[in-house]
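Heads up, the thing below is written out as structure tokens.
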Amino acid sequence: MNMQLSKKTLVNIQPQAELITPSANVFELPEKVLQFGTGVLLRGLPDYFIDKANRQGIFNGRVVIVKSTASGGTDAFQQQDGLFTQVIKGIENGKEVSEKVINASVSRVLSAKEDWKQIFDCASNKEMQIIISNTTEVGIQMADDKIGGDEAPPSFPGKLLAFLYERFKVFNGSSESGMVIIPTELIVDNGKKLKSIVIAMAENNKLSAEFIQWLNEANDFCSSLVDRIVPGKLPADEQKAIENELGYSDELMIMSECFRLWAIESGSERVKDILSFAKADKGVVIAADIEKFRELKLRLLNGTHTFSCGLANLAGFTTVKEAMQDKKFNAFVSDLSKKEIAATISGDSISYAEAETFAQSVLDRFSNPHLDHKWISIAVQFTSKMKMRNIPLLVKHYSKSSEVPVNMALGFAAYLLFMKKTIETNTSLQDDNIGYITENWLDDATKTYVQNVLADEQFWGVSLAAMNGFADAVTTNVEQLQKEGAIQTV
């Protein structure tokens, strides 16, 4: 039976080529970060960067995690002294990567319900200057919490406000005591939204004007964008094999892909100094405007998924990695992302070189043999995804060129045919607009159907039929897909 990973057993773990272990002095580093959430994304991305920076002697600080939910406990973290193994597997720059890291960034995990006083005590720690959160999108919502008392407010903004108010009082409202607050919830302008909620809740609680001024001026609420697939727990048999290989058991072991991006919006030098861990890895970007990173992700990652999804499903591929092993399909995705989408979104704020580099990272991620990303899952709310992610791409393409984007046209044709087959076979698919497709596909007159759908300016926000050659290309592709099948058409 393997020993359990902990500070005590760390010295008995044998060095291995693929395993990165922490040095003993990491346990002496001060606590610098308060993190709301124990989830795998936070552990696999921000905590990964902090741990890496500590190993390089750059950040030199550890994380106190606040467990906000009522379910579960902190036992595994206590037993393992906050240590956990991150198994990193995937493709990077066309090469397979396999790495295991024992992450020692977490100092302790506290329960908001049971350890509120200890969490409050962190407010008096001068070195603690960073707050990170991932409480899901529902977590950043206005609440009528009452601030004060011995128990934690119910909502995350309430807990944050109570902590900041305590910090304000401890340090007499000094400007140096302000925090850098970085929400990672999947909301556009998450930092701005969180700040507005916290200030509104402070006003509702009739907290002092001096405190509200300190909230506004001494604290930096930074919007951020996170991008890394962290499935979390490994399959039981795979975890057991890795534990046998490493010689220890780990209840907190997680898996992630290689790709990593944490774009943090700030032009402040103070913020850059405090977030010194950013120097340890190119995956952390601090910029005055992170919109271009959102655009890269939305168009090249999500948009490529959406344009490829119908074709992959029609071809009978179950997972993304399976589709990418097919040379023809791989070439389609490559041409779509690099020659069409990257070229379309490049301009003043995004260079073609940047877009092409990101497109290559997308191809690597799609090809990751260790991820089972199913195409049918990607097809959920297919129509809404097509409207949000890809119609703006078509509009932008035609604003720059009159030529038909052949891969986009094929992707759109495959979407239409996939939706038709879904209706005909009565396949279960969550798509709030499936009735729209049903109404328009009145008979087998493909050209009429395509023309009706593409010309519907009210539905799409623009007439796709008015785009030079697009309707003809989509019609031809639908007919060819019906006649020859997806792979032959590609």
Legend entry - Closest non-hydrogen atom pair between A218 and S175, with its separation: CB-O, 3.8 Å
Legend entry - Ring-ring centroid check W375 F418, cutoff 6.0 Å: no
Inset, instruction - Starting from the C-alpha separation in whole Å, work towards a yes-or-no answer on side-chain hydrogen bond (donor to acceptor under 3.5 Å, both in side chains) for T383 and D431. - result: CA-CA 7 Å; T383 306; D431 188 317; 2.9 Å; yes
Legend entry - K195 (side chain) donor-acceptor with D220 (main chain) under 3.5 angstrom: no
Inset, instruction - Would you tell me whether E96 and H370 have side-chain atoms, one donor and one acceptor, within less than 3.5 Å of each other? - result: yes
Inset, instruction - Taking only Lys NZ, Arg NE, NH1 and NH2, and the carboxylate oxygens of Asp or Glu, determine whether K292 and E354 approach each other closer than 4.0 Å. - result: yes
Legend entry - Between S174 and N172: side-chain donor-acceptor atoms closer than 3.5 Å: no
Inset, instruction - Give a yes or no answer on whether the side chain of D250 reaches the backbone of L252 with a donor-acceptor pair at less than 3.5 Å. - result: yes
Inset, instruction - Ignoring hydrogens and angles, state whether a donor on the side chain of T85 or Y248 is under 3.5 Å from an acceptor on the partner side chain. - result: yes
Inset, instruction - Locate the shortest heavy-atom distance separating A112 from I119; write the atom from each residue and the value. - result: CA-CD1, 3.8 Å
Legend entry - Over-ring placement of R228 relative to Y48, 6.0 Å and 45° cut-offs: yes
Inset, instruction - Please report the shortest heavy-atom distance between S224 and R294, naming the atom on each side. - result: O-NH2, 4.4 Å
Legend entry - I13 side chain near L246 side chain, heavy-atom distance below 4.5 Å: no
Inset, instruction - Give a yes or no on whether the backbone of G37 and the side-chain of N134 come within a donor-acceptor separation of less than 3.5 Å. - result: no
Inset, instruction - Would you confirm whether E265, through its side chain, and S223, through its main-chain N or O, come within 3.5 Å as a donor-acceptor pair? - result: no
Legend entry - Main-chain N/O of F358 paired to S361 side chain as donor or acceptor, under 3.5 Å: yes
Inset, instruction - Quick one: closest heavy-atom pair of I274 and F59, and the distance? - result: O-CE1, 3.6 Å
Inset, instruction - State, without any angle test, whether T427 and T425 hold a side-chain donor-acceptor pair at a distance under 3.5 Å. - result: yes
Legend entry - SB check E243 K240 (cutoff 4.0 Å): no
Inset, instruction - Please list all pairs passing the ring pair (Phe, Tyr, Trp, His ring centres under 6.0 Å) test where one or both residues lie in residues 132-171, with sequence neighbours left out. - result: F36-F156, Y165-F211, F168-F211, F168-W214
Legend entry - Any donor-acceptor N/O pair, Q129 side chain to V180 backbone, under 3.5 Å: no
Legend entry - Greater than 12 external heavy atoms within 6.0 Å of K321's NZ: yes
Legend entry - D189 with K193: basic N within carboxylate O range, under 4.0 Å: no
Legend entry - Side chains of Q80 and E251, donor plus acceptor under 3.5 Å: no
Legend entry - Pair D227 + R260, salt bridge at N-O below 4.0 Å: no
Legend entry - Pairs satisfying ring pair (Phe, Tyr, Trp, His ring centres under 6.0 Å), at least one member in residues 2-34, at least two apart: none
Legend entry - Trace of the side-chain hydrogen bond (donor to acceptor under 3.5 Å, both in side chains) decision for D145 with S155: CA-CA 7 Å; D145 296 0; S155 73; 2.5 Å; yes
Legend entry - R108 and E31 ion-paired at < 4.0 Å: yes
Inset, instruction - Ignoring hydrogens and angles, state whether a donor on the side chain of N390 or T306 is under 3.5 Å from an acceptor on the partner side chain. - result: no
Legend entry - Flag side-chain contact, heavy atom, 4.5 Å: K339 against N407: no
Inset, instruction - Taking atom CD of Q56 as the centre, report whether more than 12 heavy atoms of other residues, nucleotides or ligands fall under 6.0 Å from it. - result: yes
Inset, instruction - Could you walk me through whether L311 and F329 pass the side-chain contact (heavy atoms from CB on, under 4.5 Å) test, one step at a time? - result: CA-CA 9 Å; L311 201 60; F329 191 89; 4.1 Å; yes
Inset, instruction - Decide, yes or no, whether a salt bridge links K100 with E245 under the criterion of side-chain N to carboxylate O below 4.0 Å. - result: yes
Inset, instruction - Would you check if V106 and R62 make a side-chain contact, meaning some heavy-atom pair closer than 4.5 Å? - result: no
Legend entry - Salt bridge present between E238 and K89 (N-O < 4.0 angstrom): yes
Inset, instruction - Give the ring-plane orientation class for W262 versus F49, where under 30° counts as parallel, over 60° as perpendicular and anything between as tilted. - result: parallel
Legend entry - T38 OG1 to K67 NZ distance, which is reported to the nearest 0.5 Å: 5.0 Å
Inset, instruction - Give, for atom CD of Q141 and atom CD1 of I187, the distance between the pair rounded to the nearest 0.5 Å. - result: 7.0 Å
Inset, instruction - Please determine, by modelled atom types, if N190 and E185 share a side-chain donor-acceptor pair under 3.5 angstrom. - result: no
Inset, instruction - State whether the number of non-hydrogen atoms from other residues, nucleotides or ligands found under 6.0 Å of K169 atom NZ is greater than 12. - result: yes
Inset, instruction - Decide whether S98 and E18 meet the rule of one side-chain donor and one side-chain acceptor closer than 3.5 Å. - result: yes
